[in-house]
Amino acid sequence: PVCWGCWGGFPTTGSATMWVYSRECSTDICTSDGRVRYDHSASSSWRRNGTGLMIRYGSGSIEGYLSYETMDFGNKKIVHNQMFGEVTYTTGRAFQWGRYDGIVGLAFPKLAIDGATPPFDSLFYQEQLSNPVFSFYFTKKPGQAGSAIILGGVSDRFYEGKVHWHPVRSPSYWEIT
């Protein structure tokens with residue numbers, strides 16, 4: 001299984017797709033110091049999908065193929081048969097300078113590729129979360145320890161007062177009205 005907390009997966013609300021750098025990727029970006037690359041041959045739960053993957057972002061692009069894997073999100077939250085991308089080629093400054101080994105898409109399913117269920121939705125559908133809610137806490141200073149993502153709700157450890165709920169503008173990005 002892929003352990004989310006064991007590699008530098010970057011949670012993003014701008015995508016519904018999950019992808020990781022593959023062991024097969026040999027670009028400078030994939031092989032730079034400290035990068036973790038996924039090796040599906042080391043997994044007993046990996047399954048091939050084989051559909052090609054190509055995503056162009058404003059700051060670069062990725063190419064590879066789709067697969068299925070068991071994903072461990074920590075705190076006993078495990079998703080089976082999660083579709084994700086194995087990146088075999090990448091270009092772009094965001095990927096070159098970013099300190100992450102892939103992304104975990106938190107956007108709505110409308111933005112997912114090839115009918116994939118976003119990882120967060122899979123957590124809810126597979127009854128790993130009691131509420132389809134996620135929240136973030138960011139420390140005040142960049143690089144300061146203590147930031148958190150809470151899957152399945154909010155934690156009163158990180159705020160005082162009442163939570164104010166706002167409707168989203170459309171079921172794609174988390175834009176509030």
Side-chain angles (χ1 to χ4, degrees), residues 2 4-5 7-21 29 49 51-64 66 68-69 71-75 77-79 81-87 90-177:
V2 173
W4 183 23
W7 57 278
F10 180 72
T12 176
T13 58
S15 175
T17 303
M18 180 175 188
W19 60 259
V20 297
Y21 293 120
I29 294 169
N49 173 294
T51 302
L53 166 71
M54 186 172 89
I55 301 175
R56 293 188 198 283
Y57 297 98
S59 56
S61 64
I62 61 165
E63 295 178 21
L66 297 174
Y68 299 96
E69 180 60 277
M71 303 290 175
D72 183 346
F73 289 89
N75 290 334
K77 293 177 178 21
I78 296 177
V79 170
N81 297 313
Q82 177 65 47
M83 186 187 291
F84 74 106
E86 292 188 58
V87 173
T90 184
T91 62
R93 289 188 187 133
F95 305 118
Q96 182 178 8
W97 302 113
R99 293 184 178 167
Y100 50 87
D101 303 316
I103 65 167
V104 179
L106 296 172
F108 285 89
K110 182 178 182 178
L111 297 180
I113 56 165
D114 291 318
T117 302
F120 177 74
D121 292 57
S122 293
L123 282 164
F124 183 67
Y125 296 148
Q126 293 184 25
E127 300 179 351
Q128 298 297 300
L129 302 175
S130 56
N131 294 309
V133 175
F134 62 84
S135 56
F136 294 95
Y137 170 76
F138 298 105
T139 57
K140 292 180 172 48
K141 297 178 183 176
Q144 180 181 11
S147 293
I149 180 170
I150 297 93
L151 301 172
V154 297
S155 173
D156 59 7
R157 211 177 108 197
F158 298 112
Y159 72 95
E160 294 177 7
K162 296 172 74 175
V163 173
H164 298 276
W165 300 94
H166 300 275
V168 294
R169 284 182 25 183
S170 72
S172 51
Y173 295 101
W174 291 100
E175 299 172 304
I176 58 173
T177 56

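This is a predicted model, so every value here is computed, not measured. Positions are given from 1 along the sequence.
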Taking atom CG as the centre, does N75 end up with more than 12 heavy-atom neighbours from other residues, nucleotides or ligands that are less than 6.0 angstrom away? no
Looking only at heavy atoms, what is the nearest atom pair of F95 and S61, with distance? CE1-N, 3.7 Å
Between N49 and D114, does a side chain to side chain contact (heavy atoms under 4.5 Å, CB included) hold up when you go through it step by step? CA-CA 11 Å; N49 173 294; D114 291 318; over 6 Å; no
Distance col, row E63:CD vs T91:OG1, nearest 0.5 angstrom, shows 8.0 Å
Sub-4.5 Å side-chain heavy-atom contact between W165 and V133: yes
How long is the gap from CG on L151 to CD on Q128, to the nearest 0.5 Å? 11.0 Å
So, do S135 and Y159 sit near enough that their side-chain heavy atoms are less than 4.5 Å apart? no
Which atom names give the shortest non-hydrogen contact between A112 and T17, and what distance separates them? CA-OG1, 4.3 Å
So, for S172 and K110, which heavy atoms are closest and what is the spacing to 0.1 Å? CB-CD, 4.0 Å
Applying side chain to side chain contact (heavy atoms under 4.5 Å, CB included) to M71 and F84, what does each step give before you reach the verdict? CA-CA 10 Å; M71 303 290 175; F84 74 106; 3.5 Å; yes
Where the side chain of Q144 meets the backbone of F138, is there a donor-acceptor pair that is under 3.5 Å apart? no
Got a second to check how far K77's NZ is from E127's CD, nearest 0.5 Å? 13.0 Å
Min side-chain heavy-atom separation F134-L129 under 4.5 Å: no
If I compare all heavy atoms of T13 with all of F136, which pair ends up nearest, and what's the gap? CG2-CE1, 4.3 Å
Go through T90 and Y57 one step at a time and tell me if the side chain to side chain contact (heavy atoms under 4.5 Å, CB included) criterion holds. CA-CA 11 Å; T90 184; Y57 297 98; over 6 Å; no
When rounded to the nearest 0.5 angstrom, what distance separates CZ in R56 from CD1 in I62? 11.5 Å
Do side-chain atoms of S122 reach the backbone of V79 as a donor and acceptor pair under 3.5 angstrom? no
Rounded at 0.5 Å granularity, tell me how far CD in Q82 sits from CG in D121. 9.0 Å
Rounded to the nearest 0.5 Å, what separation is found between the CG atom of L66 and the CG atom of L53? 5.5 Å
Heavy atoms only: give me the nearest S130-F124 pair and the separation to one decimal. O-CE1, 3.9 Å
Smallest heavy-atom separation, A107 atom then L111 atom, equals CB-CD1, 3.7 Å
For atom OH of Y173, is the number of surrounding heavy atoms from other residues, nucleotides or ligands below 6.0 Å larger than 12? no
Under the side chain to side chain contact (heavy atoms under 4.5 Å, CB included) criterion, do L106 and I149 qualify, and how do the steps go? CA-CA 11 Å; L106 296 172; I149 180 170; 3.8 Å; yes
